[in-house]
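Comments concern the structure below.
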Amino acid sequence: MSERPRLTVLSGPSGVGKSTVVAHMRKEHPEVWLSVSATTRRPRPGEKHGVHYFFVSDEEMDKLIANGELLEWAEFAGNRYGTPRAAVLDRLEAGEPVLLEIDLQGARQVRESMADAQLVFLAPPSWEELVRRLTGRGTEPPEVIERRLDAARIELAAEPEFDVTLVNTSVEDVARELLALMDVL
Ligand SMILES: Nc1nc2c(ncn2[C@@H]2O[C@H](COP(=O)(O)OP(=O)(O)O)[C@@H](O)[C@H]2O)c(=O)[nH]1
Ligand SMILES: Nc1ncnc2c1ncn2[C@@H]1O[C@H](COP(=O)(O)OP(=O)(O)O)[C@@H](O)[C@H]1O
């Protein structure tokens with residue numbers, strides 16, 4: 001790796017497979033540094049504080065925002081999510097490949113604040129398959145799934161704003177393509 005790697009942002013509708021792809025990629029390439037976001041969402045079974053997210057209260061999130069500690073933040077389906085700024089800048093400064101897995105609103109903010117970031121959109125093979133994956137994951141009740149599908153319609157329409165689109169048919173293929181985009185392969 002010659003020069004400072006660019007920041008890469010991975011976005012796409014809830015249930016498309018972002019976490020699955022990133023986990024697969026990092027199993028073989030743990031040198032890819034994944035930002036851990038702060039969120040006001042409650043943990044799902046198995047999710048660990050400091051690993052999957054920093055689970056914070058509304059008051060703590062208010063403070064992070066007020067103190068300018070977030071590179072970007074957004075409200076998504078009733079909860080707030082944000083990227084801690086300092087860790088991202090440190091890792092980029094250290095020359096590491098840095099990945100953010102964030103929503104469309106966050107991706108737009110990163111584009112504004114870091115012009116050389118590369119924005120990658122993960123798309124489902126079809127709408128029906130997205131619904132199947134989100135429902136099949138079994139982590140959200142029906143009304144939350146509905147809210148996320150409403151957001152998904154908006155996110156899918158914004159796909160042309162991204163630099164690259166990858167279609168998540170095969171986790172292995174997408175993981176490889178993402179690594180190549182990040183200059184890790
Ligand atoms: N803007 C922003 N979005 C985030 C952040 N962290 C996660 N998200 C996004 O918030 C949405 C909901 O995330 P989550 O509740 O974990 O559900 P999941 O992505 O369906 O597993 C997804 O689109 C995430 O990519 C963040 O720090 N900032
Ligand atoms: N390429 C794929 N083919 C089939 N199922 C997939 C694929 N990628 C992910 N999944 C499944 O879809 C569901 C949602 O994936 P997840 O990674 O949680 O999505 P996201 O992080 O984008 O919300 C999970 O049950 C996951 O196992």
Side-chain angles (χ1 to χ4, degrees), residues 7-27 34-56 60-61 64-65 69-88 98-114 117 119-141 144-156 158-159 161-162 165-178:
L7 176 66
T8 301
V9 173
L10 181 67
S11 292
S14 181
V16 71
K18 300 181 296 298
S19 309
T20 305
V21 165
V22 170
H24 185 82
M25 182 174 103
R26 294 183 73 235
K27 209 162 57 185
L34 175 68
S35 165
V36 179
S37 298
T39 184
T40 58
R41 165 164 84 60
R42 300 276 71 84
R44 295 174 187 148
E47 282 185 332
K48 289 194 179 62
H49 183 79
V51 177
H52 299 94
Y53 281 108
F54 296 107
F55 295 99
V56 299
E60 287 168 321
M61 184 63 90
L64 290 173
I65 295 167
E69 290 182 52
L70 301 180
L71 180 65
E72 59 73 38
W73 70 273
E75 182 160 340
F76 180 90
N79 293 115
R80 286 182 291 171
Y81 299 79
T83 304
R85 182 197 304 275
V88 169
V98 172
L99 182 64
L100 308 186
E101 192 209 303
I102 61 176
D103 86 324
L104 168 66
Q105 308 166 75
R108 285 174 172 159
Q109 292 172 50
V110 171
R111 164 138 285 165
E112 288 303 310
S113 61
M114 303 180 89
L119 269 49
V120 180
F121 188 80
L122 192 61
S126 67
W127 176 259
E128 291 70 28
E129 176 61 16
L130 178 67
V131 175
R132 222 177 351 255
R133 286 183 192 174
L134 189 54
T135 314
R137 189 171 70 188
T139 49
E140 277 82 23
V144 175
I145 289 180
E146 275 315 311
R147 237 175 140 171
R148 284 164 177 257
L149 288 174
D150 287 343
R153 286 187 189 89
I154 296 168
E155 303 206 277
L156 287 170
E159 189 232 298
E161 294 178 33
F162 287 75
T165 295
L166 303 177
V167 179
N168 184 16
T169 304
S170 146
V171 173
E172 290 74 21
D173 289 353
V174 174
R176 205 173 316 113
E177 286 162 348
L178 194 54

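Computation of the quantities below employed the complete heavy-atom set of this structure, encompassing side-chain atoms and omitting hydrogens, waters and symmetry-equivalent molecules. Each ligand, and each atom within it, is numbered from 1 in the order the structure gives. Sequential numbering from 1 along the given sequence is applied to the chain's residues.
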Residue portion contacting ligand 1 (non-hydrogen atoms closer than 4.0 Å) for E155: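 Neither part.
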List the closest protein heavy-atom neighbour of [atom]: residue, atom name, distance to the nearest 0.1 Å.
| atom | value |
| --- | --- |
| atom 13 (O) of ligand 1 | Y53 OH, 3.4 Å |
| atom 27 (O) of ligand 1 | S37 OG, 2.6 Å |
| atom 3 (N) of ligand 1 | D103 N, 3.0 Å |
| atom 21 (O) of ligand 2 | S19 OG, 2.7 Å |
| atom 8 (N) of ligand 2 | N168 ND2, 3.1 Å |
| atom 26 (C) of ligand 2 | T20 OG1, 3.6 Å |
| atom 20 (O) of ligand 1 | S14 OG, 2.6 Å |
| atom 11 (C) of ligand 1 | F76 CD2, 3.6 Å |
| atom 6 (C) of ligand 2 | R133 NE, 3.6 Å |
| atom 28 (N) of ligand 1 | E72 OE2, 2.7 Å |

Within the structure, does [X] bring an N/O atom to less than 3.5 angstrom of an N/O atom in ligand 2?
| X | answer |
| --- | --- |
| S170 | no |
| R137 | yes |
| G17 | yes |

Please lay out, stage by stage, how R137 and T139 fare under the test side chain to side chain donor-acceptor pair (under 3.5 Å). CA-CA 6 Å; R137 189 171 70 188; T139 49; 2.9 Å; yes
Proximity flag [X] to ligand 2, non-hydrogen atoms under 4.0 Å:
| X | answer |
| --- | --- |
| A23 | no |
| G136 | no |
| G15 | yes |

Measuring from non-hydrogen atoms of Q105 to any atom of ligand 1, is the shortest distance under 4.0 Å?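 In this structure, Q105 fails to qualify as a contact of ligand 1 - no heavy atom is under 4.0 Å.
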Ligand 1 to G106, heavy atom cutoff 4.0 Å, flagged ligand atoms 1 (N)
Taking the minimum heavy-atom distance to atom 17 (O) of ligand 1, which of K18, R148, H52 ranks first?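 Considering heavy atoms of K18, R148, H52, the nearest to atom 17 (O) of ligand 1 sits in R148.
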